[in-house]
There are 2 protein chains.
Amino acid sequence: MAKDKADLLQGTLDMLILKALSLGELHGYGIIQRIRQLSDEMLNVEQGSLYPALYRIEQKGWVSARWDVHDTGREAKFYKLTRTGRKQLETQEASWDRLVLAIAKVRQATT
Amino acid sequence: MAKDKADLLQGTLDMLILKALSLGELHGYGIIQRIRQLSDEMLNVEQGSLYPALYRIEQKGWVSARWDVHDTGREAKFYKLTRTGRKQLETQEASWDRLVLAIAKVRQATT
DNA sequence: TATGATGCCTACCGATTCTAGGTATCACCA
DNA sequence: TGGTGATACCTAGAATCGGTAGGCATCATA
């Protein structure tokens with residue numbers, strides 16, 4: 001893995017997954033690709049992180065899943081954002097913004 | 001605890017501590033106060049998070065510690081950023097910036 | 001035929017933060 | 001004097017969560 005690929009901070013993965021799905025239904029493997037692509041290759045979600053996360057998120061009711069066949073003729077499990085999930089995305093984005101702002105404030109401080 | 005106080009994400013605490021110490025030597029309790037103050041009360045580091053973190057950071061050589069008496073006449077353990085610690089702060093800030101940028105990119109995406 | 005990409009999954013590890021407790025000193029006020 | 005709250009340190013344990021490393025199957029392509 002390239003050095004410039006940052007490890008995620010704990011707590012950001014859910015938001016990224018929800019965001020990826022907010023752009024449209026997608027299967028797991030595709031979520032990884034979409035996040036990588038949207039972030040200009042800066043974010044690389046590992047499969048071992050994604051699938052457990054998807055399971056968690058589904059349990060919480062933020063996404064719904066169904067098996068389907070896509071264009072290429074292959075089967076895959078498609079995830080879709082629920083209404084609750086969309087709300088959750090907004091909440092998490094707001095939290096993220098707050099945190100980024102707060103940390104920026106601390107970093108502005110000068111000697 | 002007020003609702004608007006964000007929980008930290010794992011990985012951000014070290015950076016905040018190092019940043020607080022980059023403004024000058026300080027004892028543990030004071031670090032908590034300084035972070036809270038600089039962030040406009042948005043960030044509240046728990047003691048149970050701070051002290052173990054300080055121990056870790058000291059082990060890594062990013063800070064040095066010594067017991068001393070401060071103005072009020074009370075004893076406290078004062079932490080000081082080492083040269084390595086200052087480098088580490090820069091590294092962590094750069095990582096943070098990269099992550100914030102990457103996530104911003106993902107969030108820019110529209111349907 | 002073998003390799004790499006696609007696509008799913010699990011088990012376990014490691015790191016880190018929080019909760020909840022403990023101790024002690026000191027200032028202040030009833 | 002006694003109690004409370006702030007200051008100041010610490011630890012144990014729980015919980016969370018992302019990563020590593022494995023497994024399995026299909027498909028296209030070299």
Side-chain angles (χ1 to χ4, degrees), chain A residues 1-3 5-18 20 25-37 43-60 62-63 65-79 92 95 99 103, chain B residues 1 5-18 20 25-37 43-60 62-63 65-79 92 95-96 99 102-103:
Chain A
M1 208 59 54
K3 288 187 198 66
K5 278 194 183 147
D7 272 7
L8 296 176
L9 290 192
Q10 286 199 187
T12 53
L13 181 55
D14 288 3
M15 181 176 72
L16 289 169
I17 294 173
L18 294 176
E25 208 175 11
L26 201 54
H27 61 281
Y29 198 84
I31 293 174
I32 292 177
Q33 294 175 314
R34 185 173 284 174
I35 291 175
R36 181 162 48 218
Q37 179 214 326
L43 301 179
N44 187 55
V45 178
E46 301 295 334
Q47 293 192 17
S49 307
L50 182 79
Y51 292 111
L54 277 174
Y55 178 80
R56 281 198 307 267
I57 290 175
E58 190 184 358
Q59 292 304 303
K60 290 177 182 164
W62 299 346
V63 299
R66 67 181 172 82
W67 284 94
D68 203 356
V69 181
H70 55 127
D71 346 0
T72 69
R74 299 191 64 164
E75 282 217 328
K77 202 170 171 183
F78 284 80
Y79 292 88
Q92 295 204 2
S95 288
L99 180 66
I103 289 184
Chain B
M1 207 57 53
K5 279 194 181 147
D7 272 7
L8 296 175
L9 292 191
Q10 283 198 191
T12 53
L13 181 55
D14 288 2
M15 182 176 68
L16 289 169
I17 293 173
L18 295 176
E25 209 176 10
L26 201 53
H27 61 281
Y29 198 84
I31 293 173
I32 293 177
Q33 294 175 316
R34 184 173 283 173
I35 291 175
R36 182 163 46 216
Q37 178 214 326
L43 300 178
N44 186 54
V45 178
E46 302 296 334
Q47 293 192 14
S49 307
L50 180 79
Y51 291 111
L54 277 174
Y55 178 80
R56 282 199 306 270
I57 291 175
E58 190 184 356
Q59 292 302 304
K60 289 176 182 164
W62 299 346
V63 298
R66 65 178 174 83
W67 284 93
D68 203 355
V69 180
H70 55 126
D71 344 0
T72 70
R74 299 191 63 165
E75 282 218 329
K77 203 169 170 184
F78 284 81
Y79 292 88
Q92 295 204 3
S95 289
W96 173 253
L99 180 66
I103 289 185

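Chain naming here is simple, since letters A, B, ... match the order of the sequence lines and numbering starts at 1 in each.
Under the 4.5 Å side-chain criterion, counting only non-hydrogen atoms from C-beta, A/Asp7 is not in contact with B/Leu99. Residues A/Leu26 and A/Gln33 form no side-chain contact, since every pair of their non-hydrogen atoms from C-beta on lies 4.5 Å or further apart.
A distance of 6.5 Å separates CG of A/Leu18 from CH2 of A/Trp62, quoted to the nearest 0.5 Å. For the atom pair CH2 of B/Trp96 and CD1 of A/Ile103, the computed distance is 3.5 Å after rounding to the nearest 0.5 Å. For the atom pair CG (B/Leu16) and CG (B/Leu8), the distance works out to 6.0 Å, reported to the nearest 0.5 Å.
Atom OH in A/Tyr55 sits roughly 8 Å away from atom P in C/dT10 (whole-Å rounding). What separates NE2 of B/His27 from P of D/dA8 is a distance of 4 Å, to the nearest Å. Taking atom CZ of A/Arg34 as the reference point, atom P of C/dT6 lies 15 Å away to the nearest angstrom. Regarding B/Leu13, its CG atom lies at a distance of 5 Å from the P atom of C/dT17, rounded to whole Å. Residue B/Gln47 contributes atom CD, which lies 15 Å from atom P of C/dT23 at whole-angstrom precision. Atoms CG (B/Asn44) and C1' (D/dA6) sit 14 Å apart, rounded to a whole Å. Going from atom CG of A/Leu54 over to atom C1' of C/dT10 covers 14 Å, rounded to whole Å. The distance from atom CG of A/Asp71 to atom P of C/dG7 is 10 Å, rounded to the nearest whole Å.
Each end of the helix from C/dT1-D/dA30 to C/dA30-D/dT1 gets its own rotation axis from five pairs of C1' atoms, and the angle between them is 10° to the nearest 10 degrees.
Of the candidates D/dG19, D/dT16, D/dT11, the closest approach to any side-chain atom of B/Pro52 belongs to D/dT11. Of the candidates C/dC9, C/dT16, C/dC18, the closest approach to any side-chain atom of B/Glu46 belongs to C/dC18. Taking only side-chain atoms of A/Tyr29, from C-beta outward, the nucleotide of D/dG18, C/dG7, D/dA8 with the closest atom is C/dG7.
Between C/dT6 and A/Gln33, a contact under 4.0 Å exists linking OP1 or OP2 to a side-chain N or O. For the pair A/His70 and C/dG7, the criterion of a side-chain N or O lying under 4.0 Å from OP1 or OP2 is met. Contact annotation: A/Tyr51 side-chain N/O to C/dC8 OP1/OP2 distance is under 4.0 Å.
Of the possible donor and acceptor atoms, none in the side chain of A/Gln10 sits under 3.5 Å from a partner among the backbone N and O of B/Gln10.
A pairwise comparison of heavy atoms in B/Gly11 and A/Leu9 identifies CA-CD2, 4.2 Å as the closest pair. The two residues B/Leu50 and B/Gly28 have their closest heavy-atom pair at CD2-O, 3.2 Å. The minimum heavy-atom distance linking B/Ala20 with B/Arg34 is given by the pair O-NH1, 2.8 Å.
If you check every strand for non-hydrogen atoms under 4.0 Å, A/Gly30 touches nothing. Across all strands shown, B/Arg56 has heavy atoms under 4.0 Å from base atoms, whether or not it also approaches the sugar-phosphate. Within the 4.0 angstrom heavy-atom criterion, only backbone atoms of the sugar-phosphate kind lie near B/Gly28; the bases stay farther away.
Where A/Trp67 and A/Gln10 meet DNA chain C, the nucleotide closest to each residue was compared, and A/Trp67 sits on the side nearer the 5' end.
No option in A/Phe78, A/Trp67, A/Tyr51 other than A/Phe78 meets the ring pair (Phe, Tyr, Trp, His ring centres under 6.0 Å) test with A/His27.
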Atom pairs under 3.5 Å: protein N/O with N/O of nucleotides 24-27 of chain D:
unit_1 : atom_1 : unit_2  : atom_2 : d
D/dT26 : O2     : A/Arg74 : NH1    : 3.3
D/dT26 : O2     : A/Arg74 : NH2    : 3.0

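Counting distance only, with no hydrogens placed and no angle test, the side-chain atoms of A/Glu75 and the base atoms of C/dC8 include no donor-acceptor pair under 3.5 Å.
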